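Report on the structure given below.
Values in this document were obtained by computation on a predicted structure and should not be read as measured data. Atom set for the values below is all heavy atoms of this structure, side chains included, hydrogens, waters and symmetry mates excluded.
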Amino acid sequence: MIRSKQILALLALVFLAEAFLPGCSHRSSLPLTGPQVLNETEKAGEKVFMQNCQRCHPQGEAGLGPSILWAPGFAKRFQVRHGAGAMPAFDKEHLSEKELDQLMEYLKALKKN
């Protein structure tokens, strides 16, 4: 019988494999549709993104940034916390749980737009 941890590990592995294959970006530099209106939590998440992610993923375009927008929430959190490939891990000392929650809300807002 497959355990839930094994299922989560398998899903994370599938996500990571897709993310690191060439040409897997779903957004492909398509323009955003209209002005982006953010609530307070999303604005805080944008600040977290600018402080921690922008230098490698400018406007969500560089590296594999856009691919993560389409990943399930647990996979996004796993990627941020554990890193993979060239992406560093952001542990709780560097990025609090509140900041991670805000970042996830900002990524959801990017996905909607």
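- One N or O on the side chain of Glu42 and one on the backbone of Asn39 form a donor-acceptor pair closer than 3.5 Å.
- Closest heavy-atom contact between Met104 and Gly73: SD-O, 4.5 Å.
- Here the closest non-hydrogen pair linking Lys43 and Leu38 is CE-O, 3.2 Å.
- The salt bridge (charged side-chain N to carboxylate O under 4.0 Å, His left out) test applied to Lys47 returns no partner, not counting sequence neighbours.
- To the nearest 0.5 Å, atom NE2 of residue His82 and atom CE of residue Met87 are 11.0 Å apart.
- Side chain of Arg81 to main chain of Phe90: a donor-acceptor pair is present (N/O by atom type, distance under 3.5 Å, no hydrogens or angles).
- Annotation: salt bridge (charged side-chain N to carboxylate O under 4.0 Å, His left out) contacts of Asp101 (sequence neighbours excluded): Arg77.
- Residues Leu103 and Glu46 form no side-chain contact, since every pair of their non-hydrogen atoms from C-beta on lies 4.5 Å or further apart.
- Results of the side-chain contact (heavy atoms from CB on, under 4.5 Å) test with Ser96 over Glu93, Glu99, Lys92 single out Glu99 as the only residue that passes.
- With values rounded to the nearest 0.5 angstrom, Phe74 atom CZ is found 12.0 Å from Gln79 atom CD.
- Contact check for Glu105 versus Lys108: side-chain heavy atoms found under the 4.5 Å cut-off.
- Contacts of Lys98 classified as salt bridge (charged side-chain N to carboxylate O under 4.0 Å, His left out), with partners at least two apart in sequence or in another chain: none.
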